[in-house]
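Worksheet for the structure shown next.
Computed from a predicted model, the values in this text were never measured in an experiment.
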Amino acid sequence: MGSTKTDIESLRSEINHHNELYYQKSEPEISDVEFDALLKKLQKLEEENPELITPDSPTQRIGGKAEGFKPFKHVVPMMSLDNSYNLDELRKFDERCQKLADGRDFDYVAELKIDGLSLSLHYENGILVVGATRGDGETGDDITPNAKTIRSIPLKLKDEYRERMEIRGEAFIAKSVFREINQDLIAKGEKTFANPRNSASGTIRMLDSSVVASRRLDMFPYDVLSGNQKAFETHWENFKWLEKNGFNVNPNRRLCSGIEAVIDFCNEMETEKDGLDYDIDGVVAKVNQTDLQDEFGATTKSPRWAIAYKYPAIQAMTRLLDIKIQVGRTGALTPVAILEPVELAGTTVSRASLHNQDEIERLGIKLGDWVSIEKSGEIIPQVLKVIESKRDGSEKEYQFPTRCPVCDTPVVRPDGEVVTRCPNETCPAKIKGRIAYFSMRKAMDIEGLGSVLIQQLVEGGLVKDVADLYALDVKTVSDLERMAEKSAQNVVDQIAVSKERGLQRLLYGLDIRHVGEMYSKILANHFRSIDKLSEASVEELDEIYEIGKAVAESIHEYFRLERNQDLIRRLKRSGVKMEVDENSSVNLDERFAGKIFVLTGKMENYTRSAASKLIEERGGRVSSSVSKKTDYLVAGEKAGSKLTKAEKLGVEIIDEFGLETLFA
DNA sequence: ATCCCTCGAGTTCA
DNA sequence: CTCGAGGGAT
């Protein structure tokens, strides 16, 4: 026989061959047991000769233990899709696309929306190097070893690949496999998964990839990128290429020459979906031509060239046991339906928000009523309606409270507003809410200050506002129940650390009406210190591009209140930083921050939307018409009336290369 | 005056 | 995630 090296190589090609038979042709020639034996043999040989291990070896699908996951920043953000819940919304989507296409011909591709979790796979020179979850769309987890356990994901591309390619797809666990996994878990006395989707997303995050391998995840790919661009001229070609490279491409897809054909596909699949061995939650329609996709662009939330059509959500019936009132950070009284627990789409639902008094009246709901509920938008349960025919007279009318259930202050509901609020500024519920908000991750990020501790601090009278946090010492905290010295020390340290978070996070944490993540960033960047901001007039605030009258007045009002000025003075005295942290990312590019750009004409190297994005990333603004506020007009080929107008107004005019120099 | 986009706010569950 | 309101753009 030949050398170990050739043995290893022939084993690898044999395994790859069986893999392909199994996944692409669905005609395995050998049993799973035999397959595993081959794999084990290869593993043993490789262990003895580690120098011969290559990254694309089938054994690399089953890595060893990983130690937590590194974050992975997506090259191109993974956006979610706009949803539609009826066929007319699909037709509206079509109208928008027709308008954007402006007479040019295009097709749609209709495909299934798999109910799993999105993955992004990166190939360099044809070799799989990274597998990552979607995460928040910007950054996900690097789960490469786990992605490699998915047998239908090739470790190596074979057909005309480019240097850097990214494949996106939906990972899932087949319904049949899901049932086996749960039986297994029951046998071992472990907790079972509620549905295939949960089991897939739980599995992909497991650290031990040999367990992941046993769970037999699979993936249906749906997109191919080359670098940061679309890889092919049409979406339909993506599928052809994916098939040639051995991916498990979902066969249920259709090239449609108009929206009505997409609708036919939706209707056909609705009758067939229960017979499939995987869960779907709808159909996705995409514009087929990628040049049009690029041109249509995207809103911050989703691309304008694709839409998801979702099948009606599953409903269930249950009884309304009680209505509880929650008092939030803003004093809003929110009624919550306490339901008899019922299974719905894989989770047990026991509560649902009733939003406000009007909603209760609209539903005409009484205590003890049977109600139908549904899950709209994946998780959040909604009470749809009361089943009046099930009433037997024992139901009781519900009275919306006139006093705050927490502090007994009479509640108010201003004319024209739907929310009922507790007006008492010292209401413990509001204090707790504000402290929790202050310590949230996006605000001052105080680790260890959880709801239980906050409850104790507020009820013990130790903390009445956020400034009191900085006066806490270890002894006071460790005297509380269930607080050992060590964890008390920890919390006190964390509170001290938070003094350095900087102006942006502080502003966010102060809970000024209308000022959230975005506006606190803008304000911090503009004013640099809380004193400057505090002195700003309504007019000064209103002049800031993104800020309008209502927001300006709310900010001004906040700083006019003595109570707030006092709070800020006390925070300052404790050493809380009131200026922009020069090291933080609040600092925007000086050349772009707050500047308004107008693009006109055709550029050589950028599409309009790509250039806009680059400008906005640097803190600039892109407007569509020239005015005296415009800072730069970027004039490309064949610039027209905008150029004339800019010249007349004396706006600085730069060309594509001028813009490029600014980017550099 | 109207349309469309963003940001903020409130909420559920594993 | 969805809804409502603020704010630009047209």
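- At the phosphate of dC5(B), OP1 or OP2 sits under 4.0 Å from a side-chain N or O atom of Arg304(A).
- Salt bridge present: Asp88(A) and Arg91(A) bring a charged side-chain N and a carboxylate O closer than 4.0 Å.
- In the set dC7(B), dT12(B), dA9(B), the nucleotide with an atom closest to the side chain of Pro381(A) is dT12(B).
- One can place NZ of Lys442(A) at 11 Å from C1' of dA9(B), the figure rounded to the nearest angstrom.
- For Lys92(A), there are no salt bridge (charged side-chain N to carboxylate O under 4.0 Å, His left out) partners, not counting sequence neighbours.
- In this view, Gln183(A) satisfies the side-chain hydrogen bond (donor to acceptor under 3.5 Å, both in side chains) rule with no residue, not counting sequence neighbours.
- Here the side chain of Tyr519(A) is nearest to one of dG6(C), dG8(B), dC13(B), namely dG8(B).
- Listed by residue number, Arg329(A), Thr330(A) are the residues of residues 325-332 of chain A with a heavy-atom contact under 4.0 Å to DNA chain B.
- Going from atom CG of Asn356(A) over to atom P of dA9(B) covers 17 Å, rounded to whole Å.
- The pair Arg413(A)-Asp358(A) meets the salt-bridge criterion, since a charged nitrogen lies less than 4.0 angstrom from a carboxylate oxygen.
- Distance Lys432(A) NZ to dG10(B) P: 17 Å, rounded to the nearest Å.
- For Tyr437(A), counting side-chain heavy atoms from C-beta on, the closest listed nucleotide (dG6(C), dA9(B), dC7(B)) is dA9(B).
- Secondary-structure stems of DNA chain C, taken as three or more successive Watson-Crick or G-U wobble pairs (i with j, i+1 with j-1) under a 3.5 Å distance threshold, comprise B:1-10 with C:1-10.
- With sequence neighbours excluded, the residues forming a side chain to side chain contact (heavy atoms under 4.5 Å, CB included) with Glu190(A) are Leu185(A), Lys188(A), listed by chain and number.
- If you measure from atom CD1 of Ile522(A) to atom C1' of dG6(C), you get 13 Å, rounded to the nearest angstrom.
- Rounded to an integer number of Å, the gap from Met440(A) CE to dG8(B) C1' is 11 Å.
- Smallest separation of non-hydrogen atoms from Pro335(A) and Ile323(A): CB-CG2, 3.9 Å.
- In terms of the side-chain hydrogen bond (donor to acceptor under 3.5 Å, both in side chains) criterion, residue partners of Ser118(A) (sequence neighbours excluded) are, by chain and number, Glu170(A), Tyr222(A).
- Rounded to whole angstrom, the span from the CE atom of Met518(A) across to the P atom of dG8(C) amounts to 13 Å.
- Of the candidates dG6(C), dC13(B), dA14(B), the closest approach to any side-chain atom of Ser350(A) belongs to dC13(B).
- Partners of Ser84(A) by side chain to side chain contact (heavy atoms under 4.5 Å, CB included), not counting sequence neighbours, listed by chain and number: Glu89(A), Leu90(A), Ile307(A), Tyr309(A).
- Residues passing the side-chain hydrogen bond (donor to acceptor under 3.5 Å, both in side chains) test with Arg134(A): none are found, sequence neighbours excluded.
- Taking for each of Ser353(A) and Val515(A) the nucleotide of DNA chain B with the nearest heavy atom, the 5'-most of the two is the partner of Val515(A).
- Of the residues near DNA chain B, Leu354(A) and Glu517(A), the one whose nearest nucleotide (by heavy atom distance) lies more toward the 5' end is Glu517(A).
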List the atom pairs, with distances to 0.1 Å, where a side-chain N or O of residues 505-515 of chain A and a protein N or O form a donor-acceptor pair under 3.5 Å, not counting sequence neighbours.
{"residue": "Arg505(A)", "atom": "NH1", "partner": "Arg441(A)", "partner atom": "O", "Å": "3.0"}
{"residue": "Arg505(A)", "atom": "NH1", "partner": "Ala443(A)", "partner atom": "O", "Å": "2.6"}
{"residue": "Asp511(A)", "atom": "OD1", "partner": "Arg329(A)", "partner atom": "NH1", "Å": "2.3"}
{"residue": "Asp511(A)", "atom": "OD2", "partner": "Arg329(A)", "partner atom": "NH1", "Å": "3.2"}

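- Of the candidate nucleotides dT12(B), dG8(B), dC13(B), dT12(B) has the atom nearest to the side chain of Val336(A).
- To the nearest angstrom, C1' of dG8(C) lies 14 Å from CD1 of Ile547(A).
- When rounded to the nearest whole Å, the span between CG of Asn198(A) and C1' of dT12(B) equals 13 Å.
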